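Structure first, commentary second.
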Amino acid sequence: MDVTILWFKRDLRIHDNPALALAAAGEGAVLPLYIVEPGLWAQPDASARQWRFVAECLEGLSGALARLGAPLLVEMGEAVEVLAALCARHGARRIVSHEETGNGWTYARDRAVAAWAGANGIDWVELPQGGVVRRLASRDGWARTRDAFVRAPVAAPPEGLRGLPGLAACALPSALDLGLGFDPCPGRQRGGRDAAQERLDSFLTLRGRDYRRAMSSPLSGAAACSRLSPHLAFGTLSSREVEQATARRRAEVGTGGGDGWPGSLKSFSARLAWRDHFMQKLESEPALEQRCLHRAYEGLRPRTPDAGRLAAWQAGETGLPFVDACMRALVHTGWLNFRMRSMLVAVASYHFWLDWRATGAHLARQFTDYEPGIHWSQCQMQSGTTGMNTIRIYNPLKQGHDQDPTGEFTRRWVPELAEVPDACLQEPWRWSGAGRLLGRGYPAPIVDVAKAAKAAREAVWAVRGRAGFAEEAARVVAKHASRRDRAGRFVNDRAPRRRAAKSPPAQLSLDL
């Protein structure tokens with residue numbers, strides 16, 4: 001009988017899964033497949049915390065598929081070899097999957113699969129599962145296409161699947177089996193469809209009321225943000241499901257009232273659109289992960305970073321309390337709100353003068369919700385290498401005072417500062433007792449914040465004065481800039497190039 005291999009990647013669900021719907025619509029058998037790829041998990045952006053989240057998602061997916069009549073087959077190996085063996089064993093001539101906007105490794109893997117399928121007469125059908133458009137010719141009209149996708153009816157789960165006899169669910173490998181390093185992450189979110197649905201429901205009915213006001217705080221943001229980002233990244237929820245659930249909730253609360261819901265839900269909807277906007281950048285320019293979007297910034301910072309500064313930043317031992325608190329919180333929980341993520345990148349890039357590729361790989365490993373399209377676009381944006389975004393150098397001392405005015409967050413994650421009075425918490429070198437603390441129980445600052453910021457600002461702006469900078473910036477704007485009106489809403493017509501170059505998109509909050 002005809003056999004279709006349904007290849008799951010970052011779409012670990014049966015609800016609103018276009019690839020599953022297409023495979024189920026055929027008359028033959030369906031072989032659901034997930035490939036655990038050692039090469040993928042050996043990449044510098046992969047971590048054990050991510051694998052554990054994925055494994056929990058796969059456990060839920062496996063149970064859901066078994067109830068439909070076609071258990072999930074888990075194979076370990078490289079994709080071409082696994083797919084070729086299964087096609088030969090079962091006579092499958094068709095593979096269905098979603099279009100993945102992943103890292104450089106998955107891009108190369110998909111090209112290899114496409115070449116193998118074409119050479120062997122295998123029909124590989126890839127379907128979009130979000131608002132990202134493959135082979136996009138122009139950003140003009142992108143918003144219309146994206147909005148049409150997320151507003152289209154969700155794909156209902158099939159009532160049943162015709163599975164292959166004799167197949168049984170396989171045991172999942174451990175992080176140790178994949179060679180992933182020690183990475184406990186005790187505060188990590190759990191994976192799986194049930195956890196995703198709970199997060200969505202509680203956000204739309206309870207936690208999200210103060211989203212707009214509370215999302216920037218490292219304390220309140222942990223509860224006020226949706227916390228859906230890892231579920232969107234690995235596909236236990238589709239962006240279309242979330243978009244439509246939010247739209248229904250917006251209709252319920254209306255536009256009036258002062259309880260916070262209308263504004264918060266509007267902000268959240270906008271960030272769902274911005275999520276697709278940033279992922280589209282990597283889809284349209286896969287090299288964005290490896291090289292500066294604006295070529296003039298190559299070589300600005302040493303490609304081999306200062307080892308001491310990088311290690312101090314990674315360990316949360318920079319001597320800048322709020323920076324260290326944020327990094328330690330991230331290592332412990334796998335999550336930070338967007339403002340704090342931006343600050344970590346900006347301080348590393350400007351004050352410590354570290355290349356975004358080195359710091360970006362570390363952060364990618366720490367984020368349970370690592371989404372390559374968003375991550376690398378934002379690493380470049382916050383490092384000032386896009387050529388079209390405002391250069392924003394966060395003052396980490398001011399951020400500490402503004403975002404943690406009581407010191408609760410900083411003290412929680414940097415207990416070495418217990419003796420430091422509140423007035424000096426973010427600048428312990430100003431404390432009269434600093435001599436018995438700095439360099440002993442807690443490090444002295446590894447840079448002078450004001451001097452480092454001044455040097456970075458001068459170096460980055462000097463690049464903008466080089467010959468040919470404006471022409472290259474115009475190329476970047478034409479290919480990647482949003483088409484927005486003055487209210488920040490996506491529009492379908494091209495924004496005037498001069499206006500786009502003079503008024504680059506603002507720094508954005510993508511707290512999901």
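Fair warning: this is a prediction, and the values are worked out from it, not measured in the lab. The residues of the chain are indexed from 1 along the displayed sequence.
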To the nearest 0.5 Å, what is the distance between [atom1] ([X]) and [atom2] ([Y])?
X      : Y      : atom1 : atom2 : result
Lys281 : Leu293 : NZ    : CG    : 7.0 Å
Leu336 : Leu330 : CG    : CG    : 4.5 Å
Ile374 : Met381 : CD1   : CE    : 12.0 Å
Asn337 : Arg227 : CG    : CZ    : 9.5 Å
Trp353 : His351 : CH2   : NE2   : 11.5 Å
Trp51  : Cys57  : CH2   : SG    : 10.0 Å

Under 3.5 Å, side chain of [X] to main-chain N/O of [Y], donor-acceptor pair present?
X      : Y      : answer
Asp210 : Arg213 : no
Ser383 : Thr385 : no
Gln189 : Ala196 : no
Ser202 : Arg199 : yes
Gln380 : Trp376 : no
Arg49  : Val331 : yes
Arg207 : Ala223 : yes
Gln50  : Ser47  : yes

message = For Arg249, give me all partners under side chain to side chain donor-acceptor pair (under 3.5 Å), at least two apart in sequence or on another chain.
response =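 Only Glu252 meet the side chain to side chain donor-acceptor pair (under 3.5 Å) criterion with Arg249.
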inquiry  = Suppose we screen for side chain to side chain donor-acceptor pair (under 3.5 Å). Which residues come up paired with Asp177, at least two apart in sequence or across chains?
reply    = Ser174
State plainly whether the residues [X] and [Y] are in salt-bridge range, i.e. N to O under 4.0 Å.
X      : Y      : value
Arg357 : Glu289 : no
Arg341 : Asp369 : yes
Lys9   : Glu99  : no
Arg291 : Glu298 : no

With [X], which residues qualify under side-chain contact (heavy atoms from CB on, under 4.5 Å), at least two apart?
X      : answer
Ala224 : Ala214
Arg94  : Thr4, Leu22, Val96, Asp123, Val125
Gln244 : Val154, Arg240, Arg248

task = Report the residue from Glu59, Glu198, Glu56, Glu241 that forms a salt bridge (charged side-chain N to carboxylate O under 4.0 Å, His left out) with Arg193.
result =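 Only match with Arg193 under salt bridge (charged side-chain N to carboxylate O under 4.0 Å, His left out): Glu241.
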Candidates Arg134, Arg109, Arg111 - the one meeting salt bridge (charged side-chain N to carboxylate O under 4.0 Å, His left out) with Glu100 = Arg109
Parallel, tilted or perpendicular: ring planes of [X] versus [Y], cut at 30 and 60 degrees:
X      : Y      : answer
Phe234 : Phe53  : tilted
Phe278 : Trp274 : tilted
Phe367 : His375 : perpendicular

Distance-only donor-acceptor check, side chains Asn395 and Gln399, under 3.5 Å = no
task = Determine, using ring centers only, whether Tyr211 and Phe203 are less than 6.0 Å apart.
result = yes
query = Mind checking whether Trp7 and His98 have ring centres under 6.0 Å apart?
reply = no
key: By salt bridge (Lys or Arg N to Asp or Glu O under 4.0 Å) - contacts of Asp404 (at least two apart)   = none
